[in-house]
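The residues of the chain are indexed from 1 along the displayed sequence. Just so you know, these numbers use all the heavy atoms, side chains as well, and skip hydrogens, waters and symmetry mates.
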Amino acid sequence: MKDKNRNKTIVRIIGFVMLITGTAMIIPWIFSFADGDAVSLRGFKFVCPAGIIAGGIVVRLMKGKGGSFSIREGYITVSVCWLTAILLGAFPYYLSGFADTVTDAVFESTSGFTTTGCSSIGERSLPRGLMLWKALSNWLGGMGILVFVICLLPALGIRGQYLAKAETPGPTLIKAAATMKSSAGFLYLTYIFLTIAELILLIASGKMPVYDAVINTMGSISTGGLTVHPEGVAFYDSLYVEIVISFFCILSALNFVLYHSFAVGQIKRFFADGELRTFLMIIACGIIMCFLGLVFINKETWPEAFRDSGFQVISMATTAGYIRSPELVWPTMCKLVILALVFIGGCSASTSGSVKVYRIIVMVDLVKREIKKRIHPRAVYPIKINGETVPPKLASSIASFIILYLDLLLLSVFVLSFQTGSLEIALTTSLDMLSNTGAAFGGMATLGNLEGFNAFIKLYLCSMMIAGRLELYTVVMMFSKSFWKRNYSRF
């Protein structure tokens, strides 16, 4: 009976994801109708009601008392929910006829929900309705679909925390409020507030129509980097627009739990956070280094170099992946700086991808401690962040994560090398898929256009995007024999 209740709860959660995804399609469906976008309309008029009806039926039929989850079931639920959203979200691209193959449709949907922002459809621009859907999937995937589900499912109670643990980006999950449901609610309120604030500021620029402002807002708040025009942000030729987008990319790349501290008046704690200060220092150093490279190597003027380096460094450090100008040729030194920034990523519990600043701080401290212990073998050097000692178990977990990240990166470079003869494209594309950044170096890959890869490579890149969004282990564990054994532990 317990297993039956548990399975019903899992299926019900999947039903909620279908319901949320289908409901979200109503917005681009109505917009496509009002905009006269016949291509996009074909994609939404069947799948939108189908998703809502199917999800509603599943939720209705699977009512019952939820059972306790096992670790295995928690991670399986997260993986299946993401695959469900991605596959359902792929139908509009395929049914509209815009994506030529199922693979391309799945790639577009994966890129959207994982906030990677790249594309496999070449230089063609998405129709306005499909572009709005991709932006919306960026926005939903940014904070996490399952965090949204937890917010709407009081029946899950404390069990929701373990689902979020498997889904929320970051090395640790810290509850911002008394219950996980309250935490999820606060996170989404913050997310919505930032979205509305940026939208208002972009519309106020006078450089963007409302439609463009909506797309760019969802792209930057989710750090997905989606933009309307192939020319990137340079299309608007507005320093004001670049400053607004950069500012909100940084806000979205900060630990959202800190906003709770700020909201309850703990302002000192917000600004004293070690991860936040390190992140801002990394961005500042990156801007200075790229500024010097553009001035002394590319011979740009100081204002031009500062504008280019400032926007691009922030875009890459937050894993948004915006390209200010596709025509800018970056010196090798600047490329290395940008690759390092993409590898580090934003703060834990943010919408950013990649390794995260928290883990980098711990790894640097581990190296420093090892150096000290070689000089003073009997001394004890605890690793501390914000005055609190990092537990050895967490430090070990972080070291393992970074090793796994590097292993998957090298594996991806090897796989991509079978089709591309450029190490630069293979390396940067692999890193940008794992970090959910989207923009690589070399050819059209600079604009996040991965049309040139074959179907197998595209599907492989989809798996890398999902693995990067779900913090690697959620996906990697599926290939472990011990994960599927019956003697697994329960929460």
Side-chain angles (χ1 to χ4, degrees), residues 82 86 89-90 93 98-101 103-126 130-131 133-142 215-216 218-220 222-233 249 312 315-316 318-324 326 338-339 341-343 345 351-354 408-409 412-413 415-416 419-420 422 424-470:
W82 271 86
I86 287 169
Y93 300 106
F98 190 75
D100 297 325
T101 65
T103 301
D104 285 336
V106 171
F107 189 96
E108 291 301 313
S109 184
T110 306
S111 168
F113 280 107
T114 60
T115 73
T116 309
C118 53
S119 178
S120 65
I121 56 174
E123 297 182 46
R124 295 175 295 162
S125 296
L126 280 167
L130 289 177
M131 177 68 79
W133 169 236
K134 192 166 186 177
L136 196 56
S137 60
N138 263 198
W139 191 86
L140 285 172
I215 301 299
N216 282 283
M218 290 184 176
S220 50
S222 65
T223 61
L226 191 64
T227 187
V228 179
H229 304 282
E231 298 91 337
V233 180
C249 280
Q312 205 59 64
S315 169
M316 294 304 184
T318 59
T319 71
Y322 282 108
I323 300 296
R324 182 183 173 270
I338 287 172
L339 285 178
L341 293 170
V342 170
F343 177 78
T351 63
S352 289
S354 209
L408 285 177
L409 177 61
S412 298
V413 173
V415 172
L416 266 61
Q419 188 173 355
T420 176
S422 169
E424 180 182 61
I425 293 177
L427 175 61
T428 57
T429 300
S430 299
L431 179 58
D432 289 340
M433 295 302 102
L434 272 177
S435 65
N436 303 129
T437 303
F441 289 126
M444 288 304 294
T446 305
L447 298 173
N449 178 6
L450 305 177
E451 179 190 26
F453 290 110
N454 61 40
F456 171 78
I457 296 293
K458 287 177 182 177
L459 289 176
Y460 177 80
L461 292 177
C462 285
S463 70
M464 289 297 98
M465 286 188 270
I466 296 170
R469 181 61 183 83
L470 298 183

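Remark: Glu108 CD to Thr103 OG1 distance equals 12.0 Å, nearest 0.5 Å. Note that the OG atom of Ser137 and the CG atom of Leu130 stand 10.5 Å from one another [nearest 0.5 Å]. Within the model, atoms CG of Leu470 and CH2 of Trp82 stand 6.0 Å from one another, a figure rounded to the nearest 0.5 Å. If you take CZ on Phe113 and CH2 on Trp139, they are separated by 12.5 Å, rounding to the nearest 0.5 Å. One finds the CE atom of Met433 at 12.5 Å from the CD1 atom of Ile466 (value rounded to the nearest 0.5 Å). A distance of 7.5 Å separates CG of Leu450 from OG of Ser120, quoted to the nearest 0.5 Å.
Scanning both residues, Leu409 and Leu427, for their nearest heavy atoms gives CD1-O, 4.3 Å. Contact between Ser111 and Gly117 at its shortest, heavy atoms only, is OG-N, 3.1 Å. The nearest pair of heavy atoms linking Gly142 to Arg469 is O-NH2, 3.2 Å.
Under a 3.5 Å cut-off, the side chain of Thr223 and the backbone N or O of Ala320 do not form any donor-acceptor pair. A donor-acceptor distance shorter than 3.5 angstrom exists from the side chain of Ser430 to the backbone of Ala426, with no hydrogens or angles considered. Side chain of Thr318 to main chain of Ser315: a donor-acceptor pair is present (N/O by atom type, distance under 3.5 Å, no hydrogens or angles). Under a 3.5 Å cut-off, the side chain of Gln312 and the backbone N or O of Gly321 do not form any donor-acceptor pair. Checking side-chain atoms of Thr115 against main-chain N and O of Gly141 turns up no donor-acceptor pair under 3.5 Å.
Applying the side chain to side chain donor-acceptor pair (under 3.5 Å) rule to Thr110 yields no partners; only residues at least two apart in sequence or on another chain are considered. When the side chain to side chain donor-acceptor pair (under 3.5 Å) test is applied to Ser220, the partners found at least two apart in sequence or on another chain are Glu198. The side chain to side chain contact (heavy atoms under 4.5 Å, CB included) test applied to Ala105 returns Ala90, Tyr93, Tyr94, Ala99, not counting sequence neighbours. The ring-ring contact (aromatic ring centres under 6.0 Å, His included) search around Phe343 returns Tyr405, not counting sequence neighbours. Partners of Asn138 under the side chain to side chain contact (heavy atoms under 4.5 Å, CB included) rule, at least two apart in sequence or in another chain, are Ser222, Leu226.
Thr319 and Asn436 share no donor-acceptor pair across their side chains, judged by distance under 3.5 Å alone. Side-chain contact check for Ser422 and Thr420: no donor-acceptor pair (N or O, by modelled atom type) lies under 3.5 Å.
In this structure the side chain of Met131 reaches within 4.5 angstrom of the side chain of Ile215, judged on heavy atoms. Here the side chains of Asp432 and Thr116 are not in contact, with every heavy-atom distance at 4.5 Å or above. The closest side-chain heavy-atom distance from Leu416 to Ile425 is not below 4.5 Å.
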Would you give me the side-chain donor-acceptor pairs under 3.5 Å for residues 455-465, sequence neighbours excluded?
residue: Lys458; atom: NZ; partner: Asp104; partner atom: OD1; Å: 2.8
residue: Tyr460; atom: OH; partner: Ser412; partner atom: OG; Å: 3.0
residue: Ser463; atom: OG; partner: Tyr460; partner atom: O; Å: 2.5

Chi angles and distances behind the side chain to side chain contact (heavy atoms under 4.5 Å, CB included) call for Ser119, Glu451: CA-CA 7 Å; Ser119 178; Glu451 179 190 26; over 6 Å; no

